[in-house]
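First the structure, in the form of structure tokens, and then the observations on it.
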Amino acid sequence: MTDSPQLVVALANQKGGVGKSTTAINLAAALAFQGERVLLVDLDPQGNASSGLGVDRSTITHSIYDVLLKEVAMEDAVEPTSVRDLFVVPATIDLAGAEIELVSVFSRESRLRNALAEIAADYSVVFVDCPPSLGLLTVNALTAADEVMIPIQCEYYALEGLSQLLQNIELVRSNLNPRVEVGGVVLTMYDGRTRLSKEVADQVRRHFGEVAYRTVIPRSVRLSEAPSYGEPIEAFDPMSRGAIAYRELGREFRRRHGMD
């Protein structure tokens with residue numbers, strides 16, 4: 001583990017199906033395999049990051065819902081995973097109602113930031129997997145985050161709706177969290193055989209410049225199979241193209257953040 005201060009990264013894109021939870025799980029796991037101590041906070045009511053790391057939600061004592069709305073300490077909701085040095089705060093279906101319940105709660109936008117402050121020293125990186133929407137849960141993630149990572153799939157309409165997300169990040173920066181910025185854009189579901197994938201990749205790189213990661217995540221059957229076994233791709237099939245790509249993304253992430 002590095003001595004660098006805790007880094008909080010929100011993975012956000014209000015479009016569903018862009019590889020957000022897949023990236024959260026597999027980048028977090030790649031960093032854990034590379035020696036970092038990592039926490040993944042599942043803030044999506046669908047709970048894909050939780051199930052994708054093998055968490056049995058029927059046996060959970062506390063979830064992120066309890067942390068945000070019932071004053072449960074974050075450390076009491078942390079669950080171990082099958083990967084050493086990778087931990088998860090799971091989501092349950094209770095979280096689906098949290099958007100409405102948070103409306104009337106004191107300091108509703110800062111609940112996650114305040115909860116994370118208690119365990120700041122325990123992890124070198126905290127990833128927050130946001131829901132595919134721009135409601136109060138995502139605002140909590142943006143208020144807690146140092147940076148936002150945006151997964152973008154290499155398909156039609158890839159950049160549609162992004163301006164709304166960037167606008168929201170700007171609003172949070174102006175009003176709630178002056179340090180948050182777009183720290184990275186990751187191209188997912190890349191198929192080098194199609195012109196479309198190449199065109200989208202070029203478009204994203206022109207738009208975001210250096211913020212876009214060089215590593216691209218390929219479209220891969222093994223990547224989509226791994227969550228049903230409750231394992232990250234690095235454990236499920238370490239020689240697959242998906243595992244190799246996320247390993248490289250992990251190295252690139254660590255270089256960017258001076259973790260080498």
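Between the side chain of Ser51 and the main chain of Gly47, a donor-acceptor pair closer than 3.5 Å is present. At distances below 3.5 Å, not a single donor-acceptor pair connects side-chain atoms of Ser197 with backbone N or O atoms of Thr194. Side-chain atoms of Ser63 do not come within 3.5 Å of backbone N or O of Ala91 as any donor-acceptor pair. Under a 3.5 Å cut-off, the side chain of Arg111 and the backbone N or O of Leu68 do form a donor-acceptor pair. Proximity of a side-chain donor or acceptor of Asn140 to a complementary backbone N or O of Arg108 within less than 3.5 Å is detected. The closest donor-acceptor contact from the side chain of Lys20 to the backbone of Cys130 lies under 3.5 Å. Judged purely by atom type and a 3.5 angstrom limit, Ser107 has no side-chain atom pairing as donor or acceptor with the backbone of Ser110. Under the 3.5 Å distance criterion, the side-chain polar atoms of Ser50 are left unmatched by any main-chain donor or acceptor of Pro90. A donor-acceptor pair is defined here as one N or O able to donate and one able to accept, closer than 3.5 Å; no such pair exists between the side chain of Arg37 and the backbone of Tyr123.
Under the 3.5 Å distance criterion, with hydrogens and angles disregarded, no donor-acceptor pair is assigned to the side chains of Thr22 and Tyr246. The closest side-chain donor-acceptor pair between Thr143 and Asn177, if any, does not fall under 3.5 angstrom. Using a 3.5 Å distance cut-off with no hydrogens or angles, the side chains of Asp129 and Ser21 do pair a donor with an acceptor.
Heavy-atom contacts from other residues, nucleotides or ligands closer than 6.0 Å to CZ of Arg179 number more than 12. When the shell of 6.0 Å around CD of Glu75 is examined, it contains 12 or fewer heavy atoms from other residues, nucleotides or ligands. When the shell of 6.0 Å around CZ of Arg255 is examined, it contains more than 12 heavy atoms from other residues, nucleotides or ligands.
Between Arg241 atom CZ and Ser220 atom OG the span is 6.0 Å, to the nearest 0.5 Å. The structure places CG of Leu223 at 6.0 Å from CG of Asn26, a figure rounded to the nearest 0.5 Å. Rounding to the nearest 0.5 Å gives a distance of 10.0 Å between CG of Asp85 and CZ of Phe33. If you take CG on Asp44 and OG1 on Thr138, they are separated by 8.5 Å, rounding to the nearest 0.5 Å. Rounding to the nearest 0.5 Å places CG of Asp122 at 9.0 Å from CG of Leu39. Atom CG of Leu43 is separated from atom CG of Leu136 by 10.5 Å, given to the nearest 0.5 angstrom.
There is no path of hydrophobic side-chain contacts, each under 4.5 Å, that joins Ile100 to Tyr65. When hydrophobic clusters are built by joining Ile, Leu, Val, Met, Phe, Trp and Tyr residues whose side-chain heavy atoms come closer than 4.5 Å, directly or via intermediates, Val55 is grouped together with Tyr229. Residues Met189 and Leu162 do not share a hydrophobic cluster, defined by chaining ILVMFWY side chains whose heavy atoms lie under 4.5 Å apart. Follow the hydrophobic side-chain contacts under 4.5 Å out from Ile93 and you never reach Ile60; the two are in separate clusters. Residues Val148 and Val18 are members of separate hydrophobic clusters, defined by side-chain heavy-atom contacts under 4.5 angstrom among Ile, Leu, Val, Met, Phe, Trp and Tyr.
The shortest distance between side-chain heavy atoms of Leu112 and Val128 falls below 4.5 Å. At a threshold of 4.5 Å between non-hydrogen side-chain atoms, the residues Pro132 and Asn13 do not count as touching. Proximity of Ser224 to Arg219: side-chain heavy atoms (C-beta onward) are nowhere separated by under 4.5 Å. When side chains are defined from C-beta on, Val204 counts as touching Val185, because their heavy atoms get closer than 4.5 Å.
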Residue pair Gln6, Ser124: steps toward the side chain to side chain contact (heavy atoms under 4.5 Å, CB included) verdict: CA-CA 5 Å; Gln6 181 213 43; Ser124 46; over 6 Å; no
Pair Arg251-Arg254, side chain to side chain contact (heavy atoms under 4.5 Å, CB included): steps then yes or no: CA-CA 5 Å; Arg251 290 191 197 102; Arg254 293 178 75 232; 5.8 Å; no
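The pair Glu234-Arg247 meets the salt-bridge criterion, since a charged nitrogen lies less than 4.0 angstrom from a carboxylate oxygen. We find that Glu147 and Arg256 are not joined by a salt bridge, their nearest charged nitrogen and carboxylate oxygen being 4.0 Å or further apart. Between Glu160 and Lys15, no side-chain nitrogen of the basic residue sits less than 4.0 Å from a carboxylate oxygen of the acidic one, so the salt-bridge criterion is not met.
Ring planes of Tyr213 and Phe253: parallel class, angle under 30° (limits at 30 and 60°).
The one candidate from Val200, Thr188, Ile217 that meets the side chain to side chain contact (heavy atoms under 4.5 Å, CB included) condition with Gln153 is Thr188.
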